[in-house]
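One structure below.
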Amino acid sequence: MKKDYESRIQELLSKMTIEEKIGQLQQCGPSLVGAFDVSFDELLNMMFDGRISQEEFGRLMSTAEQDFHEEDLRAGRISSYNGVGDAGTADRLQRIAVEETRLGIPLLFGYDVIHGFRTVTPIPLAESCAWEPELWEKTGRVAAEEATAAGVHMTFAPMVDVAKDARWGRISEGAGEDVLLNSAYGAAKVRGFQGDDLSKENAMAACVKHFAAYGAGEAGRDYNRVDMSPQRLWEEYMPSYQACVDAGARAVMPAFNDINGVPCSVNSWLLRDILRERWGFNGLVISDSNAIAECVIHGIAADRKDAARQAILAGMDMDMASNTYIECLKELVESGEVPESVLDEAAGDVLRIKFELGLFDHPYRTTQKREQETLLRPEYRTIAREAAVKSIVLLKNKDRVLPLKPETKAALFGALAADKGQMTGSWAIGAKEKDCVSMAEACAARGLDWQYCGPDADEAVLQAAAEGADVLIAAVGETKEESGEAASRADITVSEEQMRLIRQLADTGKPVIVVLFNGRPLAIPELHELAAAVVEAWHPGVEAGPAILDILCGDVNPSGKLTTTFPAVTGQCPMYYAHINTGRPGGKSKFTSKYLDAPLEPLYPFGYGLSYTTYAYTGQKVEKKEDGIHVSVAVTNTGGRDGDEIVQCYVQQMTGRRVRPVRQLKDFAKISLKTGETKTVTFVIPYAGLRYYDWEMKETPGEGILKVYVGGDSQAELAGQVVL
Ligand code: GLC
């Protein structure tokens, strides 16, 4: 039963000065100070554009220390910190807030716990390939146990931005291109992070982001414009955020981008009409980093003061890092441009989440002892390994070269086979490289005397290693810097250097097994041709090496399935399965929708993934019933190994008030089947699940002929059809 803090909130507000209310809207991060008289960002830019060398940058950084602006804190001008990730610092700052400010209002500590805190689990795009909400919740719970032990109260996650363009670096941070999967993923993470009682010391508030449609940036370029019909916004993007709000997320972060010309940070339709009025959200709305100030650059605000005015009137409660609120709000309230009632509402939202987290009654939620005892617990590593194994997708396995037999001698090639620091992927700011286990290390730990040939090995060494092995394993893909925020790529292939290695190995005539480490779909047709097997490992987290060997050596039968389409060439982007037919769907004849210089089909379709066994789908049945459309199918394990199969159910409405996608995922089920075993899977698609919007944005029920497809990927065969 959710407690009601409203009277305590109002009582506290009645005691607060305008300055103290504004102070509650300020989140800042520790700034770096040292023997450099420029901001840390400027120092980074100076290093990136070569104005100072890496060595000089390193020397300057060695003088750096964090400045937490304690004087501002004591003066009641700081409400929250971003990026405090250790119990000692959090405790020290909290004691200042509670014991040295006039009203003793506790701090809120926010942190980007995107896929694990210290026990880093696979990047979200990887974990989504497990198609397993129970797993997503479990790893969310582990993240909360560790992060709260380190003093974190709120995580800036889950990120549920549907992403259909593989050029976008942040496709790595969500659950791929499908809105139903992102919805299920986000809701599971909210449950995992928050648990059943936010006031418990091991619960952290979920902050769903980035609201909204950040993944639809034009051309896959980060922060770029988002311009789409309201129909598409509501059918393909908004449901994943709503699923998280419905699951009880207590914070929301508006996106950097605009929607149809109005930046989300100042979009009152989004933050008030929809989020608060229609969805009934009464939690905290916190800006993205510096996003309020950037509304000036967007061209929607005349200056910082105008940006602050628009943002708070639009429903933005807390300012992350732009300082526009702390600088401008007092004047805006005193001039009447911002009613004090609006300020009270924003400050009230901040106080509410602090009450819900129990911070007024128990402001000191953790200790360094609890932190030490919690981080990197062995059982967390076990869960990280389970998540990594389940995230791996087998994309090719010619002549069943995998799993390797115990006597098979392999050789390992490629920098990524030994570069443990890359295994965490992007947004793993609590990670420590030493915690990660690379493939090369895992081989040694497993007693495999597989020779590892580093990237600087010369031709002779490489040839010798190849000669001495039966199979050649090449680890290629992306570094973590090539993925995540501000990492859009205009050419989503592997580097020429890595392709040279693959060709060299293929020229030996021995089977080449490629292990991919990446944070996005890659357009790798030549690699696919040259490899005997392709294993998609993504950026798998701390247990990378052991998990990959579990699959390669056959301890575990791979079960992952893609949650994003892999284009064959970058030029096909954006490429996704739930596309519409057009009047001239791509085909052999000239006047159809296709490219002259690229194939029609993707390299690997959405929902695709191989197994070491095989499955047969029989006895499909599709029936209209009172509560929805009942779909059943018998799935048999027809191969020689037990395995887990992800059964997928898609629909296609053949006609409508607007044209409908050729496929839409409506349900999925992951089942375990012993060899030879058959299980019947039944899905019930509620009629409400078929609703869409007509030209006037009126919600419209499904109508006409509905085809239903059931199988192991988005190219599943027809199971039957009904007339709605
Ligand atoms: C970043 C990201 C956002 C993150 C925030 C705080 O710019 O856009 O996802 O939570 O800053 O670190």
Side-chain angles (χ1 to χ4, degrees), residues 26-32 39-41 44-45 66 79-85 108-117 123-125 140 143 147 150 152-163 168-175 182 185-186 189-190 193 204-217 221-224 226 240-241 244 249-258 263-265 283-295 297-298 311 316-324 424-431 480-481 483-488 519:
Q26 172 76 352
Q27 183 188 74
C28 73
S31 42
L32 279 175
S39 74
F40 178 61
D41 288 348
L44 272 178
N45 288 332
Q66 290 185 319
S79 168
S80 172
Y81 283 94
N82 171 14
V84 172
L108 172 72
F109 291 109
Y111 201 90
D112 288 287
V113 189
I114 311 300
H115 52 105
F117 178 71
I123 56 171
L125 183 61
V152 175
H153 300 145
M154 172 172 73
T155 176
F156 303 118
M159 185 270 219
V160 290
D161 303 325
V162 166
W168 190 47
R170 301 194 81 165
I171 195 170
S172 58
E173 286 176 64
N182 271 281
Y185 173 83
K189 286 298 175 188
V190 169
F193 293 149
M204 66 181 175
C207 176
V208 61
K209 70 185 185 181
H210 305 78
F211 190 50
Y214 181 24
R221 214 164 69 236
D222 210 353
Y223 317 118
N224 204 6
V226 169
S240 56
Y241 307 103
C244 294
R250 295 307 296 141
V252 169
M253 180 187 288
F256 282 125
N257 53 278
D258 70 293
C264 297
S265 300
L284 173 71
V285 177
I286 178 170
S287 80
D288 204 331
S289 189
N290 199 40
I292 296 173
E294 289 166 14
C295 287
I297 305 169
H298 269 287
M316 182 78 83
D317 294 323
M318 187 175 272
D319 168 20
M320 181 192 290
S322 90
N323 297 328
T324 50
T424 60
S426 65
W427 284 113
I429 52 182
K480 60 187 178 185
E481 285 72 29
S483 172
E485 184 169 359
S488 295

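We count ligands from 1, going down the list as the structure has it; atoms in each ligand are counted the same way. Values below: every heavy atom of this structure, side chains too, minus hydrogens, waters and symmetry copies. In this chain, residues are counted from 1 in sequence order.
For Arg170, a nitrogen or oxygen atom sits less than 3.5 Å from a nitrogen or oxygen atom of ligand 1, counting backbone and side chain alike. Considering backbone and side-chain atoms together, Tyr214 places no N or O closer than 3.5 Å to any N or O of ligand 1. For a threshold of 3.5 Å applied to N or O pairs, the pair formed by Ser289 and ligand 1 contains no separation below that value. Close N/O approach between Glu485 and ligand 1 is found [any backbone or side-chain N/O within under 3.5 Å].
Closest to atom 10 (O) of ligand 1, if we only count protein heavy atoms, is Asp112 OD1, 2.6 Å. Counting protein heavy atoms only, atom 11 (O) of ligand 1 is closest to Asp288 OD1, 3.2 Å.
The shortest distance between side-chain heavy atoms of Gln26 and Asp319 falls below 4.5 Å. Between Ser265 and Asp288 the shortest side-chain heavy-atom distance does not fall below 4.5 Å.
Under the 30°/60° scheme for interplanar angles, the aromatic rings of Tyr214 and Trp168 are found to stand perpendicular.
Residue-ligand proximity: His210 is placed with a non-hydrogen atom under 4.0 Å from ligand 1.
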*Do Tyr111 and Phe117 pass the ring-ring contact (aromatic ring centres under 6.0 Å, His included) test, and can you show the C-alpha distance, the side-chain angles, and the key distance before you say yes or no?*
CA-CA 9 Å; Tyr111 201 90; Phe117 178 71; 5.2 Å; yes
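Only the side chain of Met253 comes within 4.0 Å of ligand 1, counting heavy atoms alone; its backbone N, CA, C and O stay farther away. Contact annotation: for Trp427 versus ligand 1, heavy atoms closer than 4.0 Å belong to the side chain alone.
Judged purely by distance below 3.5 Å, without hydrogens or angles, the side chains of Glu485 and Tyr223 pair a donor atom with an acceptor atom. Using a 3.5 Å distance cut-off with no hydrogens or angles, the side chains of Tyr241 and Asn182 do not pair a donor with an acceptor.
Short contacts between ligand 1 and Lys209, defined as distances under 4.0 Å to a heavy atom of the residue, involve ligand atoms 3 (C), 4 (C), 9 (O), 10 (O). Atom numbering of ligand 1 starts at 1 in the shown order; those under 4.0 Å from a heavy atom of Asn82 are 6 (C), 12 (O).
Atom OG of residue Ser483 and atom CD of residue Glu481 lie 9.5 Å apart, to the nearest 0.5 angstrom.
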